[in-house]
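Down below is the structure, laid out as structure tokens.
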Amino acid sequence: QELQTFVVNESQRARIQASIHSLTDTCFRKCISPGAIKKGALDRNEEPCMRNCVERFMDANFVVLKELEKLRG
Amino acid sequence: QELQTFVVNESQRARIQASIHSLTDTCFRKCISPGAIKKGALDRNEEPCMRNCVERFMDANFVVLKELEKLRG
Amino acid sequence: QELQTFVVNESQRARIQASIHSLTDTCFRKCISPGAIKKGALDRNEEPCMRNCVERFMDANFVVLKELEKLRG
Amino acid sequence: QIQQEANMQNARILVEKLNEHCFERCVPKPGSSLSKGEETCFTACMEKYMTAWNTVSKQYVARIQKESQQAGLGGSTGL
Amino acid sequence: QIQQEANMQNARILVEKLNEHCFERCVPKPGSSLSKGEETCFTACMEKYMTAWNTVSKQYVARIQKESQQAGLGGSTGL
Amino acid sequence: QIQQEANMQNARILVEKLNEHCFERCVPKPGSSLSKGEETCFTACMEKYMTAWNTVSKQYVARIQKESQQAGLGGSTGL
């Protein structure tokens with residue numbers, strides 16, 4: 001029982017970590033201005049863009065799930 | 001024996017599925033006109049492009065296999 | 001004991017192979033002039049570019065490791 | 001049961017890829033909410049991606065079947 | 001111990017992705033040594049990527065927590 | 001036998017990557033057959049990719065050997 005809970009939790013954790021890596025990848029590409037990078041901090045456009053990017057990705061994800069449910073009937 | 005057949009079949013299935021995902025990815029990028037998407041259906045250019053894309057990929061794959069055999073002597 | 005050494009060696013080998021595939025991917029994209037490819041050999045710009053690409057990637061990797069150590073204190 | 005899990009896995013990858021492609025396409029600059037236009041684009045893109053996946057599946061399976069018939073029984077598929 | 005290994009794995013992926021992105025960005029034409037400018041860009045890029053990863057983590061976890069609260073106890077997260 | 005399987009796996013990844021890169025390069029608009037020009041490009045691209053892979057392998061292995069010698073016996077390689 002405990003082992004099963006542990007396995008479920010760990011695999012959920014792994015999936016969350018994978019999503020975070022993939023979202024960072026996608027949103028970094030979208031939000032960080034092209035060209036050489038001068039400062040390590042996120043600037044005033046980049047920071048909200050990164051946060052919006054996560055939220056809009058989740059919104060879009062939700063749109064997909066809703067549509068899939070419609071298709072299933 | 002039966003288990004082995006099952007494992008072979010399953011892993012073949014998995015490889016086919018992986019190829020289909022990867023081909024869809026590649027061909028979608030090549031065949032779907034850039035910019036925002038208006039209609040869900042594939043249009044009259046996109047549909048044959050997707051089918052040709054699969055066939056040409058397999059042709060190219062075959063060219064590679066032939067060349068590799070030549071190299072092996 | 002021997003089995004453990006074997007497993008460690010094999011997984012190190014696997015990681016090296018994975019790095020080589022990933023570096024070939026990155027450096028091919030950077031170093032091979034765009035457009036159709038005419039000759040199979042690497043030309044006089046491509047060959048040193050590929051070698052420099054590997055070396056600079058490793059240098060950059062080293063910069064990251066040094067910085068991470070600084071962060072850890 | 002293993003087969004069922006394989007199907008789930010397959011569907012999960014399809015949804016992941018679709019999200020990736022359509023987010024890339026339809027939300028170039030993520031704002032403070034999903035605009036109506038972005039949502040419309042997303043729904044269309046989703047349908048298009050699934051249709052594309054179907055087209056690829058059929059074409060690919062037909063091709064490897066044709067090839068294995070040419071190669072005789074039990075022929076390899078070239079992939 | 002498994003958890004520790006998972007953390008290691010996580011850090012390893014972060015470093016790999018960061019190297020990939022920052023090499024792409026900061027070293028467009030690899031020369032015979034890493035120039036001072038390339039190195040500066042790389043250090044800044046590394047910091048930026050880690051900050052970005054942190055921002056994404058927080059935002060993502062907050063969002064799935066919000067959603068699972070709305071869905072009641074044990075709610076699914078939609079991913 | 002495991003090593004043999006590892007080599008097979010390695011060759012399989014190389015062929016996959018090569019197909020991906022060269023298809024991208026040589027077949028920008030897939031038509032109703034592979035043109036002579038596309039096929040020539042593909043053969044050259046394939047050779048170039050394999051040569052590039054070889055160059056990377058040699059350079060990479062030489063570098064990690066140099067580094068582990070500098071770090072003393074059994075030194076780590078930084079990757």
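In what follows, every chain begins at residue 1, and chains take the letters A, B, ... in the order their sequences are listed. All values below were derived from every heavy atom in this structure, side-chain atoms included, with hydrogens, water molecules and symmetry-related copies excluded.
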Q: Would you indicate whether the side-chain heavy atoms of F/Arg63 and C/Val54 approach each other to under 4.5 Å?
A: no
Q.
Run C/Arg72 and C/Glu69 through salt bridge (charged side-chain N to carboxylate O under 4.0 Å, His left out) and show every step you take.
A. CA-CA 5 Å; C/Arg72 243 185 252 162; C/Glu69 243 156 70; 5.7 Å; no
Q | Contact origin within C/Asn9 toward chain F - heavy atom pairs under 4.5 Å | A | neither
Q | Rounded distance [0.5 Å steps], CZ in C/Arg56 versus NZ in C/Lys30 | A | 13.0 Å
Q. Taking F/Val56, F/Val61, F/Leu18 one by one, which has the highest count of heavy-atom pairs under 4.5 Å against chain C?
A. F/Val56
(Q) Looking at chain C, which one of F/Arg25, F/Glu38, F/Glu47 has the largest number of heavy-atom pairs inside 4.5 Å, strictly under? (A) F/Arg25
Q: Could you tell me whether the SG atom of C/Cys53 lies less than 2.5 angstrom from the SG atom of C/Cys27?
A: yes
Q) Which one, C/Ala18, C/Ala14, C/Cys31, C/Ser33, leads in non-hydrogen pairs under 4.5 Å with chain F? A) C/Ser33
Q.
Less than 4.5 Å apart, side chain to side chain, heavy atoms only: is that true for C/Met50 and F/Thr51?
A. no
Q. What part of C/Glu46 is in contact with chain F, defined as an atom under 4.5 angstrom from a non-hydrogen atom: side chain, backbone, both or neither?
A. side chain
Q.
What I want to check is whether the side chains of F/Arg12 and F/Gln9 have a donor and an acceptor closer together than 3.5 Å.
A. yes
Q. Between F/Lys17, F/Lys58, F/Glu20, F/His21, which has the largest tally of heavy atom pairs under 4.5 Å with chain C?
A. F/His21
Q) Which answer fits F/Phe42, side chain, backbone, both or neither, if we ask what part of it has an atom under 4.5 Å from a heavy atom of chain C? A) neither
(Q) If I measure from the heavy atoms of chain F, does C/Ala41 come under 4.5 Å with its side chain, its backbone, both, or neither? (A) backbone
